[in-house]
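Structure first, commentary second.
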Amino acid sequence: MSKTSTAFFIAKRYLFSKKKHHAINIISVISMLAVVVGSMALVCVMSVFNGFQELVASLFTEFDPELRITMADRRPFSANDPHIKALKASPDVAVLTPVVEDKALIVRGGKQMVVTLKGVDDNFTEQTDIHKILYGEGAPMLHVDVLEYGILGIGLCGQLGLGASFDEPLTIYAPKKGEQVNMANPMSSFNKDELYSPGLVFMVHQSQYDNHYILCSLGFAQRLFDRRGQYTALEVRLNEGGSRSSIEKILKGSEFIVEDLYEQQSDVFHIMKVEKLIAYLFLCFILLVASLNIIGSLSMLIIDKKEDLETLRSLGCPLSMRRRIFLYEGWMIVLSGCAIGLGLGALLCGLQEHFGLIKMGGEDGTYLVESYPVSMHAGDFLTIFLTVAVMGGLAVYSVIRFTSTPALSPRKSEAKEEN
């Protein structure tokens, strides 16, 4: 039997055998439970953060496109740009929607509000799952003959005191491009138009949209903002098998940039990532404290087994092997606790995902979901395993390396081996 196998065999016996002092057994169990609880907590917390991130992403996908193409400096570009023709001809593009988006002033019943007017092509209903967030009894149309319709966010309707349908049109103002304000007649410096109600509102459950956005036809926005023959963005829905890289290849060498959903809402998702990181670091601190239990457990075990260690040294067992016994035992405590914790965490998250055991607390429909959302990622499990392994390994190594027990300290004859 090799030295490694012998050391592992003895370590296993020490781990499961009854100690002379019953307290050592209790401390060993506590040290393993600390690793179990810490690992399980990391799995649950990180999975909940993943669940919330995917929930928010699902809300945005019903309004934001799969890919959004703009100029690098966000300036408008020509509708006759050759890259647009290339995109329309690409087999990777399922739907291409031109967009003109800018700020406008809305006037209604003595109330004035600055809103974001988003003019889209008639194929906007094919671009995203927007039909899922439309409410009312009208049809999703933005213009008929000479009438122009606007679909308002539900929060904006509330601020204006409107319902899903209203009879009187909304008056929209936008400053004329390249003109100075005429102080004698300020209104002459603004383009003015009207939007009627199609009997629909949208609700994204995000205030930046629900409280500030109006959807209108592309032609209406181009006239109001003096953007005839221009677009401010292109929204892309890919065919199955299509990829972002193929779109970027078409636009290579141009000033266009391509943004996916997460990049379009980078501020929101960046905040969520920071929150997840802070939660991870906080739980890592708890794991660090749990590692102190491992130090205490191994230290007391070494003291408990000092007679055995003296016997092994007298029989010619080298210092490296004696240290390896407790190194292996420490690793068994750490890895066993981590494996059990990961398993229990995955089990709890699976139960939460399928049965919604822990509710959000809003039974009257206050929240979008009734229970906490969870989503388990393999990368998180790997991160947790490595975190526990590093912290536990450092704790074990510190005990083995710096213990003052004579049986684990080198004699003069073993100093060369130690070095």
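In this structure, CD1 on I257 lies 4.0 Å from OG1 on T70, to the nearest 0.5 angstrom. How far CE of M203 is from NZ of K132: 14.5 Å, rounded to the nearest 0.5 Å. Taking CD1 of I84 as the reference point, atom CG of L234 lies at 5.0 Å (rounded to 0.5 Å). The distance from atom CD1 of I69 to atom CG of L251, rounded to the nearest 0.5 Å, is 5.0 Å. Interatomic distance, M32 CE to N293 CG, rounded to the nearest 0.5 Å: 12.5 Å. Put simply, CG on L238 and CD1 on I247 are 5.5 Å apart, with the number rounded to the nearest 0.5 Å.
Aromatic ring centres of F63 and F202: separated by under 6.0 Å.
Considering every non-hydrogen atom in both G392 and S291, the closest pair reads N-OG, 4.3 Å. Contact detail for C349 and M376: the closest heavy-atom pair is CB-SD, 3.6 Å. When all heavy atoms are compared, the tightest approach of E194 to F220 is O-CE1, 3.5 Å. When all heavy atoms of I133 and V204 are compared, the closest pair comes out as CD1-CG2, 3.8 Å. Taking every heavy atom of both residues into account, S39 and C338 meet most closely at OG-CA, 3.7 Å. Closest approach of T61 and T128 over heavy atoms only: O-CB, 3.7 Å.
Inspection of the S165 and E137 side chains reveals no N or O donor paired with an N or O acceptor under 3.5 Å. Checked by atom type, the side-chain pair Q208/Q265 shows a donor-acceptor distance below 3.5 Å. If you check the side chains of H377 and E54, you find a donor sitting under 3.5 Å from an acceptor. A side-chain donor-acceptor contact under 3.5 Å links K276 and N50. T97 and Q127 share a side-chain donor-acceptor pair at under 3.5 Å. D167 and Y196 share no side-chain donor-acceptor pair at under 3.5 Å. Residues K103 and T116 bring a donor and an acceptor atom of their side chains to less than 3.5 Å of each other. Between the side chains of Y262 and Q53, no donor-acceptor pair is found at a separation under 3.5 Å.
A salt bridge links D260 with R244; the closest basic N to acidic carboxylate O contact falls under 4.0 Å. With salt bridges taken as basic N to acidic carboxylate O contacts below 4.0 Å, none links K249 and D92. By the 4.0 Å N-to-carboxylate-O rule, R74 lies too far from E101 to be salt-bridged with it. Electrostatic pairing of E329 and R324 does not count as a salt bridge here, judged by no charged N lying under 4.0 Å from a carboxylate O. Electrostatic pairing of E168 and R108 does not count as a salt bridge here, judged by no charged N lying under 4.0 Å from a carboxylate O. A salt bridge is absent between E66 and R237; no separation between the charged side-chain nitrogens and carboxylate oxygens falls under 4.0 Å.
The main-chain N or O of S243 is found under 3.5 Å from a side-chain atom of S246 such that the two form a donor-acceptor pair. K177 places no side-chain N or O within 3.5 Å of a backbone atom of R227 that could act as its donor or acceptor partner. Side-chain atoms of H270 do not come within 3.5 Å of backbone N or O of S266 as any donor-acceptor pair. Although no hydrogens or angles enter the test, the distance criterion places no donor-acceptor pair under 3.5 Å between the side chain of E248 and the main chain of V258. A donor-acceptor contact shorter than 3.5 Å links the side chain of S58 to the backbone of L55. Distance alone, capped at 3.5 Å, is enough to place a donor-acceptor pair between the Q352 side chain and the L357 backbone. Listed for the D129 side chain is no donor-acceptor partner under 3.5 Å among the backbone atoms of E62. Put simply, the side chain of S90 never gets that close to the backbone of A86: no donor and acceptor are under 3.5 Å apart. Judged purely by atom type and a 3.5 angstrom limit, D193 has no side-chain atom pairing as donor or acceptor with the backbone of L224. In terms of modelled atom types and a separation under 3.5 Å, the side chain of D210 and the main chain of G155 share no donor-acceptor contact.
Residue I358 qualifies as open at atom CD1: its count of foreign heavy atoms under 6.0 Å is 12 or below. Environment of CZ in F282: sparse, with no more than 12 heavy atoms of neighbouring residues, nucleotides or ligands closer than 6.0 Å. In this structure, F385 places its CZ atom where only 12 or fewer heavy-atom neighbours from other residues, nucleotides or ligands lie under 6.0 Å away. The 12-atom threshold is not exceeded at CD of E255, counting heavy atoms of other residues, nucleotides or ligands nearer than 6.0 Å.
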Q. Taking it one step at a time, do C284 and M391 satisfy side chain to side chain contact (heavy atoms under 4.5 Å, CB included)?
A. CA-CA 9 Å; C284 282; M391 289 189 176; 3.7 Å; yes

**Q.** side chain to side chain contact (heavy atoms under 4.5 Å, CB included) between F124 and V95, worked out
**A.** CA-CA 9 Å; F124 78 103; V95 182; over 6 Å; no

**Q.** side chain to side chain contact (heavy atoms under 4.5 Å, CB included) assessment of Y280 paired with F49
**A.** CA-CA 10 Å; Y280 165 76; F49 273 101; over 6 Å; no

Q: Kindly indicate, with the supporting measurements, whether the criterion side chain to side chain contact (heavy atoms under 4.5 Å, CB included) is fulfilled by L195 and L117.
A: CA-CA 11 Å; L195 285 176; L117 204 63; 4.1 Å; yes

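When the side-chain contact (heavy atoms from CB on, under 4.5 Å) test is applied to N239, the partners found at least two apart in sequence or on another chain are A94. When the side-chain contact (heavy atoms from CB on, under 4.5 Å) test is applied to V144, the partners found at least two apart in sequence or on another chain are M141, Y149.
Between F60 and F269 there is a side-chain heavy-atom pair separated by less than 4.5 Å. Between V56 and V268 there is a side-chain heavy-atom pair separated by less than 4.5 Å. Counting only heavy atoms from C-beta outward, the side chains of Q230 and V100 never approach each other to under 4.5 Å. M40 places none of its side-chain heavy atoms less than 4.5 Å from the side chain of I340. Side-chain contact check for Y209 versus D64: some heavy-atom pair is nearer than 4.5 Å. Residues L96 and E235 have side chains not in contact (no heavy-atom distance under 4.5 Å, counting atoms from C-beta outward). By the 4.5 Å heavy-atom criterion applied to side chains, L283 and I286 are counted as neighbours. Looking at L215 and I130, their side chains come closer than 4.5 Å, going by heavy atoms from C-beta outward.
Between Y231 and F77, the two ring planes are perpendicular [angle over 60°; tilted spans 30° to 60°].
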